[in-house]
Amino acid sequence: VKAAALELTREMSVKQAFQAIAWNCIGHWTANQEGALLSNEPENIHQIRVALRRLRSLLPQFKSAIPRESYADIVDELKWLANALGPVRNWDVFVTQTLPPILKQFPGDQGLKDVYHEASKAQAAARNDAHLALRSHRYDRMLLSLGTWMIGLIVVMPVLGHATWHAYRDLVVQEAL
């Protein structure tokens, strides 16, 4: 599932624009989550990685609008997930795009068939690792923290202040798990 169209207006504040783009990225990512877990179709993992890359590239552009206390945690968790999904994407590309034309060119080459077989096993193992990451408590905590933080940016944080907001966010995430 590709990202939905995004509409930004000149009337939006920096925080509103940030939220619109970030929610678009999160929607793009979560729209592919089920397919990534239930299918071996490489596109779902690829689209999650695209959404993560968009979100990770967004953060430095809006760093001034993000509370300093949250920034490092968010960046670290998004990087963790991108790294957890990277190997399966690499193997997907190798097995589905790189090797097939070579195998077609040399159909009787047993060495290439062996490479394909071993690469397919590595691809399956990497997909399993990606599934474990997407089913982990760390992943659930990250999504809850991110969503709670995004809502709090506009609704709660201006009223509570940063320190109280972080304590509240941690409590909400802990209770949800």
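Only a predicted model underlies this, so the values are computations on that prediction, with no experimental measurement involved.
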Evaluate the criterion side-chain contact (heavy atoms from CB on, under 4.5 Å) for residue pair Asn83 and Lys79; output intermediate values, then yes/no.
CA-CA 6 Å; Asn83 288 338; Lys79 185 175 184 179; 3.7 Å; yes
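- Contact of the Phe94 side chain with the Ser120 side chain is not registered, since no non-hydrogen atoms from C-beta on lie closer than 4.5 Å.
- Between the side chain of His131 and the backbone N or O of Ala36, at least one donor-acceptor pair lies under 3.5 Å.
- Between the CZ atom of Arg141 and the OG1 atom of Thr148 there is a distance of 12.5 Å, given to the nearest 0.5 Å.
- Taking 4.5 Å as the limit, some side-chain heavy atom of Thr96 sits within range of a side-chain heavy atom of Gln123.
- Gln97 meets the side-chain hydrogen bond (donor to acceptor under 3.5 Å, both in side chains) test with no other residue; sequence neighbours excluded.
- Side-chain atoms of Asp129 and Val88, non-hydrogen and from C-beta on, never get closer than 4.5 Å to each other.
- At a threshold of 4.5 Å between non-hydrogen side-chain atoms, the residues Arg54 and Asn24 count as touching.
- Using bins of under 30°, 30° to 60° and over 60° for the plane-to-plane angle, the ring pair Trp149/Phe18 lands in the perpendicular bin.
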Does Leu103 form a side-chain contact (heavy atoms from CB on, under 4.5 Å) with Val115? I'd like the steps, not just the answer.
CA-CA 10 Å; Leu103 286 165; Val115 167; over 6 Å; no
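- Atoms CD and CD1, from Gln19 and Ile151 in turn, are 8.5 Å apart once rounded to the nearest 0.5 Å.
- Closest of all the heavy-atom pairs between Glu7 and Met12 is O-CE, 3.7 Å.
- In this structure, the separation between CG on Leu55 and CD1 on Ile21 is 10.5 Å, given to the nearest 0.5 Å.
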Using the rule given for side-chain contact (heavy atoms from CB on, under 4.5 Å), can you reason through Trp23 versus Leu6, listing the C-alpha separation, both sets of side-chain angles and the distance that settles it, and then say yes or no?
CA-CA 10 Å; Trp23 279 121; Leu6 176 64; over 6 Å; no
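- The shortest distance between side-chain heavy atoms of His46 and Asp92 does not fall below 4.5 Å.
- Within 6.0 Å of the CD atom in Glu34, the count of heavy atoms belonging to other residues, nucleotides or ligands does not exceed 12.
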I'd like to know whether Gln105 forms a side-chain contact (heavy atoms from CB on, under 4.5 Å) with Ile102, so could you lay out the CA-CA distance, the side-chain angles of the two residues, the decisive distance to 0.1 Å, and finally the verdict.
CA-CA 5 Å; Gln105 193 74 16; Ile102 298 169; 5.6 Å; no
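- Judged as a side-chain contact (heavy atoms from CB on, under 4.5 Å), and not counting sequence neighbours, the contacts of Ala84 are Ala133.
- In this structure, Asn44 and Gln47 have side chains that are not in contact, with every pair of non-hydrogen atoms separated by 4.5 Å or more.
- Side-chain atoms of Ile45 and Arg127, non-hydrogen and from C-beta on, do get closer than 4.5 Å to each other.
- None of Val50, Leu37, Val1 except one satisfies the side chain to side chain contact (heavy atoms under 4.5 Å, CB included) rule with Asn32; the exception is Val1.
- With sequence neighbours left out, Gln110 forms a side-chain contact (heavy atoms from CB on, under 4.5 Å) with Lys113, Asp114.
- For Tyr139, the OH atom is densely surrounded, since the number of other residues' heavy atoms within 6.0 Å is greater than 12.
- Counted within 6.0 Å of CZ on Phe106, heavy atoms from surrounding residues, nucleotides or ligands total 12 or fewer; the atom is thus considered open.
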